[in-house]
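Here is the structure we will look at.
Scope of the values below: all heavy atoms of this structure, side chains included, with no hydrogens, waters or symmetry mates. Please read these numbers as outputs of a predicted model, since none were measured by experiment. Order of the sequence lines sets the chain letters (A, B, ...), proteins ahead of strands, with each chain counted from 1.
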Amino acid sequence: MKAFFTDKLLSWNQLHNTRTMPWKGIRDPYRIWLSEIILQQTRVEQGLPYYERFITAYPTVKDLAAAPDEEVFRHWQGLGYYARCKNMLAAARQIVSEFNGRFPDTFEQIQSLKGIGPYTAAAIASFAFNLPHAVLDGNVFRILARYFGITTPTDSTAGKKQFAALAQELLAPGQSAIYNQAIMDFGAVMCRPQQPACPQCPLAAKCVALQQQTVAQLPVKSKKLVIKKRYFYYIVLEYKGQVFIRKRTGNDIWQNLHEFILMETPAPLDAGKLESEPAFTSLLQQTPYTLDGISAAFKQQLTHQTIYSQFILLTAVKQPAITDYMAVPRARLEQYAFPKTITDFLQNRSLGLF
DNA sequence: AACACGGGGTC
DNA sequence: GACCCAGTGTT
């Protein structure tokens with residue numbers, strides 16, 4: 001599984017990666033360092049002009065170390081996270097004073113510089129010196145969380161440790177620079193936060209999240225209340241004046257309340273295409289029906305979840321073979337408890353809205 | 001372990 | 001409006 005991952009990633013990089021950036025492939029630790037500081041929590045497109053400006057103004061680390069603070073901050077203006085600028089300047093002067101103007105070439109020494117943490121140290125160590133340190137940035141967290149189906153929060157201590165160890169295991173021996181560059185490019189181009197290119201992904205065959213349909217839910221971050229979105233499609237199936245419902249049980253919301261035939265999907269569905277969904281057809285197998293209508297979308301906000309519901313009105317042509325649900329006369333529905341979403345729906349329907 | 005730190009792009 | 005971006009330093 002791990003060899004597959006690394007092999008596919010490297011071959012994708014070789015065959016399909018067309019991403020170019022001024023600092024890519026170079027060995028000059030000063031330029032690599034500068035690019036990495038600028039790119040912390042910053043998009044490449046946003047940082048690019050700043051990188052060009054800094055390289056032009058300060059071609060070497062000695063130039064930067066000798067520059068007046070105000071001038072350097074002026075160059076940084078508009079980029080944000082200004083502590084980066086302050087630390088960068090301090091590091092430049094550290095390099096001059098402690099390392100005689102020569103960029104340090106061990107991981108520990110690199111990380112001892114101000115503004116350089118584990119990520120930036122690994123990036124410089126690998127790109128400039130091909131040292132075997134795997135980078136762990138937002139891209140790597142996302143790719144590994146999805147590919148291995150890891151739900152450990154990436155912003156927890158345990159998560160950082162777990163992902164760091166895994167990233168290190170996956171690092172291609174002797175190819176640290178190329179591998180680290182490849183995995184970050186892959187995250188930016190293929191395994192994007194939104195709308196990842198799963199159909200074209202060379203890792204798709206073994207991607208746990210893709211198989212489990214949890215790609216959009218990964219990676220998990222613990223900070224802030226994560227409000228999960230869920231998409232319910234309720235099939236209001238009627239036959240001879242009776243409606244199929246069941247009582248909700250189990251470890252989930254709305255325990256002991258009733259509901260119609262539920263089809264939950266991991267993502268919103270085009271209700272018009274519902275009849276071609278495998279889950280829908282398998283649910284209604286051998287139940288001839290007529291489609292009477294589809295309701296508008298209902299939204300309900302719970303503490304930790306947002307529930308989006310839509311109701312599909314069907315009339316069975318013959319006795320349906322639906323298990324786990326009971327047939328209740330429409331007039332008796334008022335004897336059962338339903339979640340607000342469903343009572344809203346029933347209210348609307350009684351008003352003739354559907 | 002939790003929080004502050006910026007501006008911009010995307011959906 | 002929420003999320004995220006080639007994270008790090010401070011409390």
Side-chain angles (χ1 to χ4, degrees), chain A residues 13 17 19-26 29 31-51 73 76-91 94 110-128 133-146 152-161 163-164 167 176-197 215-229 267-268 299 301 304-306:
Chain A
N13 184 58
N17 187 4
R19 207 176 187 218
T20 61
M21 294 167 290
W23 49 83
K24 189 167 164 178
I26 65 175
R31 291 187 175 224
I32 293 166
W33 165 64
L34 193 55
S35 73
E36 294 300 342
I37 301 301
I38 288 172
L39 292 174
Q40 286 169 7
Q41 293 292 286
T42 303
R43 291 169 189 280
V44 168
E45 308 81 61
Q46 188 187 2
L48 193 52
Y50 286 84
Y51 172 81
F73 273 90
W76 196 277
Q77 177 179 271
L79 191 55
Y81 278 179
Y82 297 93
R84 288 185 292 172
C85 183
K86 176 188 170 189
N87 291 330
M88 175 183 72
L89 205 37
Q94 255 183 295
I110 293 168
Q111 198 175 345
S112 76
L113 298 169
K114 295 286 281 181
I116 298 186
Y119 163 76
T120 306
I124 297 171
S126 62
F127 295 148
H133 294 272
V135 291
L136 183 53
D137 74 336
N139 291 302
V140 180
F141 275 120
R142 186 171 59 254
I143 295 166
L144 299 188
R146 287 173 175 169
T152 313
T154 57
D155 54 358
S156 65
T157 304
K160 289 189 181 105
K161 194 175 169 184
F163 281 94
S176 305
I178 197 83
Y179 173 86
N180 278 338
Q181 186 61 60
I183 196 168
M184 289 194 286
D185 284 343
F186 189 81
V189 174
M190 302 289 292
C191 199
R192 300 179 291 250
Q194 294 164 319
Q195 300 185 343
V215 173
Q217 279 73 51
L218 296 175
V220 173
K221 293 192 179 181
S222 61
K223 281 172 191 156
K224 290 187 300 183
L225 180 69
V226 276
I227 298 177
K228 189 180 170 190
K229 290 181 178 176
K299 178 180 176 179
Q301 187 63 57
H304 292 82
Q305 305 183 19
T306 306

Given [N], is OP1 or OP2 found less than 4.0 Å from the side-chain N or O atoms of [X]?
{"X": "A:Gln41", "N": "C:dG7", "result": "yes"}
{"X": "A:Gln195", "N": "B:dC11", "result": "yes"}
{"X": "A:Thr120", "N": "C:dT8", "result": "yes"}
{"X": "A:Arg142", "N": "C:dC5", "result": "yes"}

For a quick check of understanding: with a heavy-atom distance under 4.0 Å over all strands, which category does [X] fall into, base, sugar-phosphate or nothing?
{"X": "A:Asn87", "result": "sugar-phosphate"}
{"X": "A:Leu79", "result": "base"}
{"X": "A:Met88", "result": "nothing"}
{"X": "A:Trp23", "result": "base"}
{"X": "A:Gln181", "result": "base"}

>> For a quick test of reading the model, state the closest non-hydrogen atom pair linking A:Val215 to A:Pro196 and the distance between them.
In response: CG1-CG, 3.7 Å

>> Which heavy atom of A:Arg84 sits nearest to which heavy atom of A:Gln40, and what is that distance?
In response: NH1-O, 2.9 Å

> How do A:Pro193 and A:Lys86 order along DNA chain C: which one's closest nucleotide is nearer the 5' end?
Replying inline: A:Pro193

> Nearest nucleotide by nearest heavy atom, which residue falls closer to the 5' end of DNA chain C, A:Leu113 or A:Lys24?
Replying inline: A:Lys24

> Taking N and O atoms by type only, does the side chain of A:Arg43 place a donor or acceptor under 3.5 Å from a partner on the base of C:dC4?
Replying inline: yes

>> With a 3.5 Å cut-off and heavy atoms only, can you find an N or O donor on one side and an acceptor on the other between the side chain of A:Thr42 and the base of C:dG7?
In response: no

>> Tell me whether the count of non-hydrogen atoms from other residues, nucleotides or ligands lying under 6.0 Å of NZ in A:Lys24 goes above 12.
In response: yes

> Near A:Ile178 CD1, under 6.0 Å, is it more than 12 heavy atoms from other residues, nucleotides or ligands?
Replying inline: no

>> Assuming nearest nucleotide by heavy-atom distance, tell me which of A:Ala158 and A:Gln40 is located more 5' along DNA chain B.
In response: A:Ala158

>> Taking the nucleotide of DNA chain B with the nearest heavy atom to each, does A:Ser156 or A:Gly80 sit closer to the 5' end?
In response: A:Ser156

To the nearest Å, how far apart are [X] [atom1] and [N] [atom2]?
{"X": "A:Ile37", "N": "C:dT8", "atom1": "CD1", "atom2": "C1'", "value": "9 Å"}
{"X": "A:Asn13", "N": "C:dA6", "atom1": "CG", "atom2": "P", "value": "16 Å"}
{"X": "A:Gln194", "N": "B:dT10", "atom1": "CD", "atom2": "P", "value": "10 Å"}
{"X": "A:Gln111", "N": "C:dT8", "atom1": "CD", "atom2": "P", "value": "8 Å"}
{"X": "A:Asn139", "N": "C:dC4", "atom1": "CG", "atom2": "P", "value": "13 Å"}
{"X": "A:Tyr50", "N": "B:dG6", "atom1": "OH", "atom2": "P", "value": "13 Å"}
{"X": "A:Leu136", "N": "C:dT8", "atom1": "CG", "atom2": "P", "value": "10 Å"}
{"X": "A:Gln46", "N": "B:dC5", "atom1": "CD", "atom2": "P", "value": "18 Å"}

> Is there a donor in the side chain of A:Glu36 and an acceptor in the side chain of A:Tyr119, or the other way round, less than 3.5 Å apart?
Replying inline: yes

>> Please pick, from C:dC5, C:dT10, B:dG6, the nucleotide with the shortest atom-to-atom distance to any side-chain atom of A:Tyr81.
In response: B:dG6

Rounded [atom1] spacing from [N] to [M] in Å:
{"N": "C:dT8", "M": "B:dG9", "atom1": "C1'", "result": "23 Å"}
{"N": "B:dC3", "M": "C:dA6", "atom1": "P", "result": "24 Å"}
{"N": "C:dG9", "M": "B:dG8", "atom1": "P", "result": "24 Å"}

>> Just so I know, are the side chains of A:Val140 and A:Phe163 near enough to count as touching, which here means a heavy-atom distance under 4.5 Å?
In response: no

> Under 3.5 Å, is there a donor-acceptor pair between the side chain of A:Thr120 and the main chain of A:Gly117?
Replying inline: no

